[in-house]
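Have a look at the structure below before the remarks.
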Amino acid sequence: MPELPEVETVKNGLISHIINKKISSIKINIDKLRYAIDKDKFSEIVNLKVREIQRRGKHLIIFLNDDLQLIVHLGMSGVIKIESKKNYSFKKHDHILIEFEEEILIYNDTRRFGYWLINNNKAPLNHKVLVNHGVEPLTEDFNSEYLARKLKNSSKKIKQAIMDNSTVVGVGNIYASEALFKSNILPTRISKTLSKKEITKLVHAIKEILKIAIEQGGTTLKDYKNTEGKPGYFSQKLNVYGRAKQPCYICKSEIKSEVIGQRNTYFCTKCQK
DNA sequence: ACTTATTCCTGCGTGC
DNA sequence: TGCACGCAGGAATAAG
């Protein structure tokens with residue numbers, strides 16, 4: 001599933017293909033993904049050029065001429081592929097096709113949790129899907145002082161707190177479990193009970209895990225350019241996620257799982273306190 | 001103003 | 001072998 005590191009990888013892949021390229025046509029094969037698709041608005045982007053592509057959290061912002069932007073979220077099964085137009089053949093769940101002079105951008109999304117929005121505001125970061133985003137985890141804005149301030153009065157469980165996009169963006173279910181394991185903190189801990197030292201450790205763990213995942217994302221980019229990305233490229237690096245009842249790599253005791261906030265959570269009760 | 005549950009969707013794994 | 005069922009995931013929205 002596309003997490004922050006994969007969205008970053010997709011962004012880099014797109015930059016190398018479609019920057020300064022003109023959209024020659026658009027084909028939309030569906031009325032609604034996560035949100036309804038405004039086909040009239042989409043028709044307005046034909047003949048515009050792609051100027052810049054940014055990532056914010058798990059969103060891609062594709063800047064076009066005329067102060068228009070595409071705001072894209074891949075949901076959990078969204079895949080963007082670039083192919084040569086002459087090689088393209090329709091596949092199941094190919095919902096959006098954007099043609100350039102020689103290449104075609106294909107948006108395929110099995111579960112349709114993703115969305116494509118057109119924004120004509122000059123400040124896309126103020127769009128409702130982005131405006132409540134907290135800090136980016138890989139910037140200096142995400143530091144122990146910031147997180148301590150966010151957690152100070154929170155009675156949420158720490159895992160839910162770090163998965164909340166208004167705290168920090170991009171920490172999904174997998175990375176939350178992994179970061180808490182790496183920082184030796186139980187996911188069930190109440191946020192405001194964390195010590196300064198634990199918060200510092202957690203901040204570093206989140207940054208490190210996302211960085212490693214982005215490095216793995218380089219591999220995904222290659223796959224994505226060839227045919228289809230191999231899912232689970234990061235799975236070899238996972239210490240606890242999906243490993244219930246298996247031995248902890250550190251202490252050999254059994255990894256536990258528990259549902260926290262409707263999400264499966266994995267942890268080691270010996271390594272994490 | 002909070003927190004917690006529900007909702008969207010398809011494919012896959014499990015059990016009968 | 002086939003079918004029914006439940007689960008997985010992000011995050012807006014509804015409900016508490």
Side-chain angles (χ1 to χ4, degrees), chain A residues 1-10 28-38 55-61 71-80 90-96 107-117 119 125-137 149-179 187-193 206 209-210 213 220 228-235 238 240-246 255 257-266:
Chain A
M1 66 231 71
E3 299 278 341
L4 183 149
E6 293 182 43
V7 178
E8 181 72 17
T9 304
V10 170
I28 295 171
N29 298 320
I30 197 168
D31 293 329
K32 174 178 174 289
L33 291 163
R34 176 72 173 81
Y35 301 119
I37 294 178
D38 190 333
R55 179 188 59 75
R56 176 74 172 112
K58 294 169 189 164
H59 290 84
L60 290 168
I61 309 174
I71 299 178
V72 181
H73 194 297
L74 302 176
M76 84 152 275
S77 57
V79 174
I80 292 178
F90 177 83
K91 289 174 198 66
K92 198 176 179 183
H93 306 303
D94 281 355
H95 302 308
I96 296 178
Y107 181 68
N108 183 291
D109 189 348
T110 306
R111 265 160 271 189
R112 318 212 296 261
F113 279 20
Y115 49 84
W116 285 64
L117 304 171
N119 182 56
L125 294 177
N126 289 333
H127 191 281
K128 66 169 185 175
V129 299
L130 297 171
V131 73
N132 291 323
H133 275 26
V135 299
E136 286 286 332
R149 198 161 60 241
K150 282 282 185 182
L151 300 181
K152 194 169 62 180
N153 297 315
S154 174
S155 49
K156 274 185 193 166
K157 290 175 177 138
I158 184 60
K159 187 197 178 221
Q160 290 172 286
I162 59 173
M163 283 181 68
D164 185 336
N165 276 335
S166 67
T167 305
V168 57
V169 295
V171 182
N173 198 38
I174 294 171
Y175 296 127
S177 279
E178 292 298 315
T188 47
R189 286 275 301 283
I190 300 302
S191 298
K192 61 188 171 192
T193 70
I206 289 170
I209 281 170
L210 290 177
T220 298
E228 46 197 0
K230 288 179 189 168
Y233 67 97
F234 187 68
S235 63
L238 296 177
V240 286
Y241 186 83
R243 299 196 61 245
K245 296 179 180 173
Q246 296 176 46
I255 299 294
S257 69
E258 185 180 316
V259 174
I260 297 177
Q262 281 63 54
R263 293 286 171 262
N264 253 327
T265 307
Y266 301 87

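Labels below follow one simple rule: chain letters A, B, ... track the order of the sequence lines, proteins then strands, and each chain is numbered from 1. Just so it is clear, the structure is predicted and the values come from calculations on it, not from any experiment.
Separating the OH atom of A:Tyr35 from the P atom of C:dG10 is a distance of 15 Å, rounded to the nearest angstrom. Atom pair A:Lys192:NZ and B:dC2:C1' shows a separation of 12 Å (rounding to whole Å applied). Rounded to whole Å, the distance from CD1 on A:Ile37 to P on B:dC9 is 13 Å. Distance A:Ile158 CD1 to B:dT3 P: 13 Å, rounded to the nearest Å. Rounded to whole angstrom, the span from the CD atom of A:Gln160 across to the P atom of B:dC2 amounts to 16 Å. Protein atom CD1 of A:Ile71 is 12 Å distant from nucleotide atom P of C:dA12, rounded to whole Å. In this structure, OH of A:Tyr115 is placed 16 Å from P of B:dC9, rounded to the nearest angstrom. For A:Met163 and C:dA12, the CE to P distance is 13 Å, given to the nearest whole Å.
The ring of A:Phe113 lies on top of the base of C:dG10, close enough and flat enough: under 5.5 Å between centres, under 30° between planes.
With hydrogens and angles left out, the side-chain atoms of A:Asn173 and A:Lys159 include a donor and acceptor closer than 3.5 Å.
Closest-nucleotide positions on DNA chain B for A:His93 and A:Ser155 were compared, and the one nearer the 5' end corresponds to A:Ser155. Across the interface with DNA chain B, nearest-nucleotide mapping of A:Arg263 and A:Lys156 shows A:Lys156 to be the residue nearer the 5′ end.
Once rounded to the nearest 0.5 Å, the distance linking CG of A:Leu74 with OH of A:Tyr107 reads 5.5 Å. With rounding to the nearest 0.5 Å, the separation of CD in A:Glu178 from CG in A:Leu210 is 11.5 Å. Note that OH of A:Tyr175 is 8.0 Å distant from CG of A:Leu4, once rounded to the nearest 0.5 Å.
For A:Arg34, no side-chain nitrogen or oxygen approaches OP1 or OP2 of B:dC9 to under 4.0 Å. At C:dA12, none of the side-chain N or O atoms of A:Lys128 fall inside 4.0 Å of OP1 or OP2 (strictly under the cut-off). When the side-chain nitrogen and oxygen atoms of A:Lys157 are compared with OP1 and OP2 of B:dT4, none of them lie within a distance under 4.0 Å. Taking side-chain N and O atoms only, A:His73 has a distance below 4.0 Å to OP1 or OP2 of C:dA11.
Using a 4.0 Å heavy-atom cutoff across all strands shown, A:Asn165 reaches sugar-phosphate atoms only and no base atom. A:Gly172 comes within contact range of the sugar-phosphate backbone alone, with a heavy-atom separation under 4.0 Å but no base atom that close.
Side-chain contact check for A:Gln160 versus A:Ile260: some heavy-atom pair is nearer than 4.5 Å.
The local environment of NZ in A:Lys245 is sparse, with at most 12 non-hydrogen atoms from other residues, nucleotides or ligands closer than 6.0 Å.
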N/O contacts under 3.5 Å, protein versus nucleotides 3-8 of chain C?
residue, atom, partner, partner atom, Å
C:dA8, OP1, A:Asn264, ND2, 2.1

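A cation-pi arrangement is present between A:Lys128 and A:Tyr35, with the terminal nitrogen or guanidinium carbon under 6.0 Å from the aromatic centre and inside a 45° cone about the axis.
Of all heavy-atom pairs spanning A:Arg56 and A:Val135, the tightest one is NH1-C, 4.2 Å.
With C:dG10, B:dC8, C:dA12 as the choices, the nucleotide that has an atom nearest any side-chain atom of A:Lys32 turns out to be B:dC8.
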